[in-house]
Amino acid sequence: MFNPTDFPKPTLISANGVELEVFEAGRVNAGKPIVLCHGWPEHAFSWRHQMDALAAAGYHVIVPNQRGYGNSSRPTEVTDYDIEHLSGDLIALLDHYGYEDATFVGHDWGAFVVWGLTLLHPNRVNKVINLSLPYQERGEKPWIEFMEEILGGDFYFVHFNRQPGVADAVFEDNTYRFLCNLYRKNEPLRAPEPGMALINLARAETPLGEPVLSESELAVYVSAFETSGFTGSINWYRNLDRNWRLLAKVNPIIQQPTLMIYGDRDVVAKSENLTKFVPNVEVVNLDCGHWIQEEKPEETNQAILKWLEQWEM
């Protein structure tokens, strides 16, 4: 297991009207930036297994705690977490380092941000690598409205929007238990329970499956969320319908070379028509669940480095 004391020390960088806590590796490789974007409820630490491998391959690795996370700024306005602000933070990071463009890597919500960033600022993204969450087609109905019709009011995306503050408080009252119960792999199938699944998870006394993190690794996440709370990060969900509107007028096709990495046992569904919107995509499937780069760090690194190498030739 990774020793958290080996993780780089952060720098606070002013960007786009906020301060971002940024971790780096391979600074000597200036000129070849790769930006790693975490998901929810994650932290820059989720990329600990990738940073040195990418630095050794010649990349300047830039890993922010995005707004709402860790010691980065946590604005109070919900709309300060929409896709324009989140992608604007990443553009401001590039500007800070003097980079015209970069390769962007995202997992989970970080993948959503990288997809949106590439649509909104295509000239600042040279390659895309996303894990877990494929491109989300913008249908005729706003995303939360659509989910509510199909999945009901207890689905966590919908619950976060329709009952603001409720889940946030439960997670904050049970931070260790929630994160311990969430970061699991090889979980047995179980019948759905009534109520909101993540609130139930935060209160469950016994975790299922096997832990993804060691106790010292889990402590990094617990400490971060005990400091930040959960509201800032959950506000990302509260902008989904706003994002749906903000993306209405952009060209929906991602032209950049793209690597999509799925976990075969991930609860997030694979895309059936990915190439329709991402024509230059290569897909890799790994035998794991949702926490891909932490469950299968070596396989993830091999997939990323092999794919990057072919674009260097």
Under-4.0 Å salt bridge between Arg245 and Asp82: no
Under-4.0 Å salt bridge between Lys306 and Glu309: no
Partners meeting side-chain hydrogen bond (donor to acceptor under 3.5 Å, both in side chains) with [X] (sequence neighbours left out):
X: Arg48; answer: Glu217, Glu294
X: Asn174; answer: none
X: His38; answer: none

message: Could you go through His60 and Tyr99, starting from their C-alpha distance and side-chain angles, then the distance that decides it, and tell me whether this counts as side-chain hydrogen bond (donor to acceptor under 3.5 Å, both in side chains)?
response: CA-CA 11 Å; His60 177 194; Tyr99 290 133; 2.8 Å; yes
Under a 4.5 Å side-chain heavy-atom rule over Ile, Leu, Val, Met, Phe, Trp and Tyr, are [X] and [Y] clustered together?
X: Val63; Y: Val28; answer: no
X: Val78; Y: Tyr81; answer: no
X: Leu208; Y: Leu213; answer: no
X: Leu12; Y: Leu20; answer: no

First locate atom [atom1] of [X], then atom [atom2] of [Y], and finally report the distance between them rounded to the nearest 0.5 Å.
X: Phe104; Y: Leu117; atom1: CZ; atom2: CG; result: 5.0 Å
X: Glu282; Y: Thr275; atom1: CD; atom2: OG1; result: 13.5 Å
X: Leu179; Y: Tyr176; atom1: CG; atom2: OH; result: 10.0 Å
X: Leu90; Y: His121; atom1: CG; atom2: NE2; result: 9.0 Å
X: Leu119; Y: Gln256; atom1: CG; atom2: CD; result: 9.0 Å
X: Phe230; Y: Asp168; atom1: CZ; atom2: CG; result: 9.5 Å

Sub-6.0 Å ring centroid separation between His43 and Phe225: no
Apply side chain to side chain contact (heavy atoms under 4.5 Å, CB included) to [X] and list each qualifying residue two or more places apart in sequence or on a separate chain.
X: Ser14; value: Glu19
X: Leu86; value: Arg67, Val113, Trp236
X: Glu140; value: none
X: Pro297; value: His49, Gln50

Heavy atoms only: give me the nearest [X]-[Y] pair and the separation to one decimal.
X: Tyr262; Y: Pro134; value: OH-CB, 3.4 Å
X: Gly106; Y: Asn130; value: N-OD1, 3.1 Å
X: Gly58; Y: Asn29; value: O-CB, 3.2 Å

- prompt: According to the interplanar angle, ranging from 0 to 90°, do the rings of Phe7 and Phe23 count as parallel (below 30°), tilted (30 to 60°) or perpendicular (above 60°)?
  reply: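 Aromatic pair Phe7/Phe23 classed tilted.
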message: Does anything in residues 145-164 form a salt bridge (charged side-chain N to carboxylate O under 4.0 Å, His left out)? List the pairs, not counting sequence neighbours.
response: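 Counting only pairs at least two positions apart or across chains, the salt bridge (charged side-chain N to carboxylate O under 4.0 Å, His left out) contacts touching residues 145-164 are Lys141-Glu149, Glu148-Arg162.
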- line: Applied to residues 33-45, the salt bridge (charged side-chain N to carboxylate O under 4.0 Å, His left out) test, sequence neighbours excluded, yields none
task: Could you please spell out the steps behind the side chain to side chain contact (heavy atoms under 4.5 Å, CB included) verdict for His107 and Trp40?
output: CA-CA 9 Å; His107 172 249; Trp40 182 87; over 6 Å; no
field: Listed partners of Arg124 passing salt bridge (Lys or Arg N to Asp or Glu O under 4.0 Å), at least two apart
entry: Asp95
- request: Any chance you could lay out the ring-ring contact (aromatic ring centres under 6.0 Å, His included) test for Phe112 and Trp143, step after step, and finish with the verdict?
  value: CA-CA 13 Å; Phe112 184 94; Trp143 282 307; 5.6 Å; yes
message: Using the rule given for side-chain hydrogen bond (donor to acceptor under 3.5 Å, both in side chains), can you reason through Tyr221 versus Glu226, listing the C-alpha separation, both sets of side-chain angles and the distance that settles it, and then say yes or no?
response: CA-CA 8 Å; Tyr221 289 86; Glu226 284 178 345; over 6 Å; no
Check residues 285-293 and write down every donor-acceptor pair under 3.5 Å in which the side-chain atom is one partner and the other belongs to a residue at least two apart or another chain.
residue : atom : partner : partner atom : Å
Asn285  : OD1  : Lys270  : NZ           : 2.9
Asp287  : OD1  : Arg265  : NE           : 3.1
Asp287  : OD1  : Arg265  : NH2          : 2.9
His290  : ND1  : Ser132  : OG           : 3.1
His290  : ND1  : Asp266  : OD1          : 3.0
His290  : ND1  : Asp266  : OD2          : 3.3
His290  : NE2  : Asp108  : OD1          : 2.9
Trp291  : NE1  : Leu182  : O            : 3.3

- request: Tell me, with the steps shown, if Val61 and Val35 meet side chain to side chain contact (heavy atoms under 4.5 Å, CB included).
  value: CA-CA 6 Å; Val61 188; Val35 183; over 6 Å; no
message: For the CZ atom on Phe155, are there more than 12 heavy atoms of other groups (residues, nucleotides or ligands in this structure) within a distance under 6.0 Å?
response: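 Enclosed.
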- prompt: Should the heavy atoms of other residues, nucleotides or ligands under 6.0 Å from CD of Glu272 be counted, would the total exceed 12?
  reply: no
Tabulate below the donor-acceptor pairs under 3.5 Å that side-chain atoms of residues 197-204 make, not counting sequence neighbours, or state none.
residue : atom : partner : partner atom : Å
Asn200  : ND2  : Glu193  : OE1          : 3.4
Asn200  : ND2  : Pro194  : O            : 3.0

